[in-house]
Amino acid sequence: MKYNIAVIHGDGIGPEVVQEATKVLDTIAKKYHHEFVYTPVLAGGCAIDAVGECLPQATIDTCKAADAVLLGAVGGWKWDTLPGDQRPERALLGLRKELGLFANIRPALLFDALADACPLKAEIVEGGLDIVVVRELTGGIYFGEKGTKETPLGQAAYDVEQYSEEEVKRIAITAFEMAQKRNKKVTSVDKANVLESSRLWRRVVTEVAKDYPDVTLDHLYIDNAAMQLVRNPKQFDVIVTGNIFGDILSDEASMITGSIGMLPSASLAKGNFGMYEPVHGSAPDIAGTNQANPMATILSVAMMLRYTFGLSQEADDIEQAVKAVLAKGYRTPDIYTEGTTKVGTKEIGEYIRSEILS
Ligand code: IPM
Ligand code: MG
């Protein structure tokens, strides 16, 4: 089979980690006789420098025409002083909206070999940790009406949190379907004691749950959820929540695994289309020094194979190879500990590829 992938290398360490991931895909192509065709496109700071805007129309068109999108990272100091609506990060929001990527899947997995990196006490995470945050990605306060106005107390600014029944329903369905393939538990997170939008959220999620009698649903307020995530993270299987709460909780969940450089993500649209990217940022401080951890991006292409292309054997191969390389003690600097072997971006990519072929 032939698959067309639009590739956004982006800024900072983006190009380096993407290069290791596409080489991993090439290894998979060789092993299983697939063909992956990459079309590079510009987005983020590099697009601002090259064509004066962070998300050129040509990029949107190429992404729409592709079977899937792979993204490294966008942003950096260089563009930090630009006004909000011109910053590289706008490219992410624009891509999500234009491509209809309403479901953001962020697994927080504690790798056995990296258990020591978890900042929580060992007994709290004993037996491992495997949580998925399903974040609504194209609605809520990040996309609601916004503006400024003059008030007697000076200028005021506002951003509106709004959710429609249809928006909540489709993300709830994504979460329940995911839970059915996992440990059959969904925790919906909201602030229904205060927010009208959260009361609608809770009502719709509860209605959708009726179609999934094999899945247990519970509800938590966001403040309690943030606390429970560090108090007893093992109680969670799938967490479903709105855009802003999901932004925050997915960072918290990734932190408790201790290795943000390891975590992949998928942003899915209706059908199987998706954009895949590491959870970490562009790390401009180490860009170009062969120190970046490419494993989150490599695991992101595993998610692409699984969710968009339906190639689960191939995806398993990549995930197993990453675990095997960790078990052999190879580490990039971000996850290095005494007694392990520190290697660079390219080397760890190479080890993963030989593991796939072994
Ligand atoms: C993320 C990031 C983005 C978000 C920013 C960079 C716009 O924090 O993907 O979580 O808030 O969605
Ligand atoms: Mg975030």
Side-chain angles (χ1 to χ4, degrees), residues 8-14 17-18 42-48 53-55 59-60 63 69-109 131-144 146 159-163 167 171 174 189 222 225-226 229 239-257 259-269 274-285 287 296-297 299-300 303-304:
I8 301 172
H9 294 85
D11 310 315
I13 58 171
V17 293
V18 164
L42 289 174
C46 57
I48 297 176
E53 49 179 337
C54 67
L55 183 58
T59 295
I60 297 171
C63 289
V69 181
L70 173 63
L71 184 147
V74 297
W77 306 311
K78 190 175 168 192
W79 308 279
D80 270 353
T81 48
L82 291 173
D85 58 344
Q86 289 169 36
R87 291 172 60 107
E89 290 83 354
R90 292 296 309 172
L92 286 179
L93 297 173
L95 282 165
R96 290 168 186 172
K97 200 67 177 179
E98 290 287 342
L99 304 177
L101 306 170
F102 68 90
N104 186 213
I105 316 295
R106 294 186 172 180
L109 190 71
I131 303 170
V132 179
V133 178
V134 176
R135 166 188 177 192
E136 200 292 325
L137 203 58
T138 51
I141 194 166
Y142 290 8
F143 289 95
K146 57 180 86 246
D159 301 89
V160 175
E161 168 85 347
Q162 173 175 314
Y163 269 114
E167 284 174 308
I171 193 74
T174 304
V189 173
I222 176 64
L229 209 43
I239 296 176
V240 65
T241 188
N243 207 340
I244 188 167
F245 297 154
D247 189 15
I248 300 164
L249 281 189
S250 59
D251 266 29
E252 190 187 358
S254 70
M255 183 62 215
I256 63 181
T257 70
S259 12
I260 192 162
M262 299 296 304
L263 299 178
S265 80
S267 302
L268 306 175
M275 181 166 91
Y276 297 83
E277 59 181 302
V279 167
H280 63 69
S282 60
D285 52 327
T297 315
L299 291 167
S300 297
M303 287 184 92
M304 177 189 290

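Because the structure is predicted, anything quoted here is derived from the model rather than measured. We count ligands from 1, going down the list as the structure has it; atoms in each ligand are counted the same way.
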Exercise. If you round to the nearest 0.5 Å, how far is CD1 of Ile260 from CG of Leu263?
Worked result: 6.5 Å

Exercise. Nearest to atom 11 (O) of ligand 1 by heavy atom, Leu92, Asp247, Val74: which?
Worked result: Asp247

Exercise. Out of curiosity, is Arg106 lining ligand 1, as in a heavy atom under 4.0 Å away?
Worked result: yes

Exercise. With a cut-off of 2.8 Å, does Asp251 place any N/O/S atom under that distance from the Mg ion (ligand 2)?
Worked result: no

Problem set entry | Distance-only donor-acceptor check, side chains Asp159 and Tyr142, under 3.5 Å | no

For this session: Find all atoms of ligand 1 within a distance of less than 4.0 Å from any non-hydrogen atom belonging to Tyr142, and give their numbers and elements.
Result: 11 (O)

Exercise. Below 4.0 Å from any atom of ligand 1, is there a heavy atom belonging to Arg96?
Worked result: yes

Seminar exercise, completed: Heavy-atom proximity to atom 4 (C) of ligand 1, picking from Glu277, Glu89, Arg135, points to Arg135

Exercise. Do you know which N/O/S atom name in Asp247 is closest to the Mg ion (ligand 2)?
Worked result: OD1

Seminar exercise, completed: Taken to the nearest 0.5 Å, the spacing of Leu137 CG from Leu101 CG works out to 7.0 Å

Exercise. So, Ser267 and Asn104: side-chain donor and acceptor under 3.5 Å apart, yes or no?
Worked result: yes

Exercise. Hey, is CZ on Arg87 packed in by over 12 heavy atoms from elsewhere, all under 6.0 Å?
Worked result: yes

Problem set entry | Backbone N/O of Thr257 and side chain of Ser259: donor-acceptor pair under 3.5 Å | yes

